[in-house]
**Student:** 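Before I ask anything, let me first share the structure, which is written out below as structure tokens.
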Protein chains: 2
Amino acid sequence: MEVRLRDREATRERLLAAARALFAEHGYERVTVRMIAAAAEANIALVGRYFGSKAGLFGEVLAGEPTVRQVLEGDLEGLARRLGEYTAQRMRAEPDSPILRTLERSAGDPEIQALLSERLRTAVVNPLAARLEGDDAMARARMATAVFLGVGSVRRLLGPSDPTPEDVDRLTGLFEACLRGRE
Amino acid sequence: MEVRLRDREATRERLLAAARALFAEHGYERVTVRMIAAAAEANIALVGRYFGSKAGLFGEVLAGEPTVRQVLEGDLEGLARRLGEYTAQRMRAEPDSPILRTLERSAGDPEIQALLSERLRTAVVNPLAARLEGDDAMARARMATAVFLGVGSVRRLLGPSDPTPEDVDRLTGLFEACLRGRE
DNA sequence: GCGGCTAGTAAACGCACGTATACTTCACGG
DNA sequence: CCGTGAAGTATACGTGCGTTTACTAGCCGC
């Protein structure tokens, strides 16, 4: 593989990677383009050149994230428990996903909020609703998402707490109640 | 009652009221001291003079909010349903409480986050935990709080939705699952 | 080998913020 | 009626931000 010092694509990728890590670490507003450029060992002006703006770079970071969460795959019966276990981890530590981490540090800028909203919809809520049956599948998917996001909020605001087996059971029960259709 | 144009206490109160409304409307970061001063028809410098700083003013706004939520009062059996109904309202519209509105617009500044955290603890989580029994009362109160906050997050991010009677039932079920102790 | 496109750079622009300072104006007690 | 102290004002300070501009330097085809 050729090594080029002046490589537009490689520099662009470095900026993207640095932005991905920093946004996940601190959220949108508390990351400056100077921080990103420094982390990528690139010049500040290149952010504007390659991504148009800070918001454009953020949008590309979001777009680069994988859409389907592995939690949603697998059998439908175990879905509530997988969600319960996955969410229980959120009580202790930050999510791996940059989207979710950024979401938790939630941005006030309406443009950024719209980007996050669109992404949450296509990456979490819609895939989840697609796995459910009934005409209120979307409402139930939203409520399950609420539980999921809420646990993150509580950890962020009140501090982490190690989930007990009872917590996992309780969360699983919550998701079962959310996902269960009318019988 | 005497009418005084130069009334320190009245001006202070106007600033406080303006700040309360604006913080609830836009969150901490997106409100400037200039906005507050303009809304209160007071001079910018008075914010610093009377409250020390913007953060000091915010702290006083938080401190002025009522501590105990009426939802928590009343019989324990109906608590889950009252929480369910109260939370269902959050699917449609913003909370009345400035604390909760500010919480939803969540501030990144660590100092402000600490203020919000302390307030959420003393105004919501602790009173709720106090009403529960069992050694994991706090864990269950935190989970109920997570559901409550999560519904707000989802409304803010994905847009409001009118709660159906089924939503109320489902939320009530969620809170029952959270609040129920070991049997 | 050299000119021209282009990646990369340095520096500054313009703005908005929270805060601080020096000044002005008014109410009120003597 | 006047001086004094507090209430209120105008303005500027310093900082940090996202963005832009004018420039430099390197790669590549000819």
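Small disclaimer: the values here were computed from a predicted structure and weren't measured. In the text below, chain A, chain B and the rest are named by the order of the sequence lines, each starting its count at 1.
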**Student:** For A:Arg82, enumerate each residue passing the salt bridge (Lys or Arg N to Asp or Glu O under 4.0 Å) test, keeping only those at least two apart in sequence or located in another chain.
**Tutor:**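 With sequence neighbours excluded, A:Arg82 shows a salt bridge (Lys or Arg N to Asp or Glu O under 4.0 Å) to A:Asp75, given in chain and number order.
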
**Student:** Rounding to a whole Å, what distance do you find between B:Leu15:CG and C:dG18:P?
**Tutor:**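 Nearest whole value for this atom pair: 14 Å.
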
**Student:** Rounding to an integer number of Å, can you tell me how far A:Ile112 CD1 sits from D:dC17 P?
**Tutor:** 16 Å

**Student:** Let me know the distance between NE2 of B:His26 and P of C:dC17, rounded to the nearest Å.
**Tutor:**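 Nearest whole value for this atom pair: 12 Å.
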
**Student:** Between P on D:dG8 and CZ on B:Arg8, what's the gap in Å once rounded to a whole number?
**Tutor:** 8 Å

**Student:** Over all strands shown, is A:Phe51 touching base, sugar-phosphate only, or nothing at heavy-atom distances under 4.0 angstrom?
**Tutor:**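 Nothing, no nucleic acid heavy atom in range.
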
**Student:** In chain order, what residues pass the salt bridge (Lys or Arg N to Asp or Glu O under 4.0 Å) check against A:Asp169, with sequence neighbours excluded?
**Tutor:** A:Arg81

**Student:** CD1 of B:Ile36 versus P of C:dC17: gap in Å, rounded?
**Tutor:** 11 Å

**Student:** Looking at A:Tyr50, does any N or O in its side chain come under 4.0 Å of the phosphate oxygens OP1/OP2 on C:dG8?
**Tutor:** yes

**Student:** Name all residues meeting the salt bridge (Lys or Arg N to Asp or Glu O under 4.0 Å) criterion together with B:Arg92; count only those two or more places apart in sequence or in a different chain, and write none if there are none.
**Tutor:**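 Salt bridge (Lys or Arg N to Asp or Glu O under 4.0 Å) check on B:Arg92 returns B:Asp162.
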
**Student:** Under 3.5 Å, which N/O atoms of the protein pair with N/O atoms of nucleotides 18-25 of chain D?
**Tutor:**
from, atom 1, to, atom 2, distance (Å)
D:dG18, OP1, A:Lys54, NZ, 2.8
D:dG18, OP2, A:Val33, N, 3.1
D:dG18, N7, A:Arg34, NH1, 2.9
D:dG18, O6, A:Arg34, NH2, 2.9
D:dT19, OP2, A:Lys54, N, 2.8

**Student:** Keeping to residues at least two apart or across chains, list the side-chain hydrogen bond (donor to acceptor under 3.5 Å, both in side chains) pairs with something in residues 50-59 of chain A.
**Tutor:**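 Qualifying pairs: none.
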
**Student:** Classify the angle between the aromatic ring planes of B:Tyr86 and B:Phe148 as parallel (below 30°), tilted (30 to 60°) or perpendicular (above 60°).
**Tutor:** parallel

**Student:** Round to a whole Å and report the spacing from CG of B:Leu22 to P of C:dG18.
**Tutor:**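 In whole Å, C:dG18 P and B:Leu22 CG are 12 Å from each other.
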
**Student:** With sequence neighbours left out, write down each residue that passes salt bridge (Lys or Arg N to Asp or Glu O under 4.0 Å) with B:Glu176, or none if nothing qualifies.
**Tutor:**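 B:Glu176 satisfies salt bridge (Lys or Arg N to Asp or Glu O under 4.0 Å) with no residue once adjacent residues are dropped.
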
